[in-house]
Amino acid sequence: MTDLRAKAHEADVTVWVGKAGIESVVDELGDQLDDRDVVKVKFLRASRGGTTTEELAEELAEQANADLFETRGNTAVYTR
């Protein structure tokens, strides 16, 4: 777990969710998780609408068949 936390901390954001919503990044997140242990996703204000980052992060995890490791602010970290 500590190793994963270190990887999550060091990872750069490689997926951004904007006004097109999470549907537009499901495949990208899946592809990136095929290649690496940890993927960091940033939820821009336009993506949130009336929902929270946590709600969006959980929905994205479900759709991408990924595990939500943690959310912090407007950023979520995913693993498989």
Side-chain angles (χ1 to χ4, degrees):
M1 183 65 98
T2 322
D3 184 42
L4 195 54
R5 189 166 300 284
K7 284 182 181 181
H9 180 73
E10 293 168 8
D12 291 324
V13 172
T14 54
V15 177
W16 289 264
V17 181
K19 63 184 176 189
I22 60 174
E23 291 76 19
S24 64
V25 300
V26 169
D27 291 339
E28 179 63 27
L29 176 58
D31 290 347
Q32 289 193 25
L33 282 169
D34 289 342
D35 295 337
R36 58 181 77 114
D37 296 336
V38 171
V39 175
K40 201 178 267 190
V41 178
K42 174 90 172 197
F43 293 87
L44 303 175
R45 186 178 307 137
S47 72
R48 292 195 300 274
T51 61
T52 66
T53 298
E54 288 78 14
E55 290 170 329
L56 285 174
E58 288 172 10
E59 193 175 329
L60 178 55
E62 199 173 293
Q63 290 187 27
N65 193 26
D67 296 319
L68 178 59
F69 179 65
E70 70 177 352
T71 57
R72 186 170 294 167
N74 298 319
T75 305
V77 177
Y78 295 90
T79 63
R80 274 239 168 100

When the side chains of residues 65-74 are checked against the rest of the protein, which donor-acceptor pairs come out under 3.5 Å, sequence neighbours left out?
| from | atom 1 | to | atom 2 | distance (Å) |
| --- | --- | --- | --- | --- |
| Glu70 | OE1 | Arg5 | NH1 | 3.2 |
| Asn74 | OD1 | Arg48 | NH1 | 3.4 |
| Asn74 | OD1 | Thr53 | OG1 | 3.1 |

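- When all heavy atoms of Val39 and Arg36 are compared, the closest pair comes out as CG2-CG, 3.9 Å.
- Under the 4.5 Å side-chain heavy-atom criterion for ILVMFWY residues, a single connected hydrophobic cluster contains both Leu60 and Leu56.
- Separation of atoms CG (Leu29) and CG (Leu33) is listed at 4.5 Å; rounding is to 0.5 Å.
- In this structure, Phe43 and Ala57 approach most closely via the heavy-atom pair CZ-CA, 3.7 Å.
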Could you list the donor-acceptor pairs under 3.5 angstrom formed by side chains in residues 9-26, with sequence neighbours left out?
| from | atom 1 | to | atom 2 | distance (Å) |
| --- | --- | --- | --- | --- |
| Thr14 | OG1 | Gln32 | OE1 | 2.5 |
| Ser24 | OG | Gly21 | O | 2.8 |

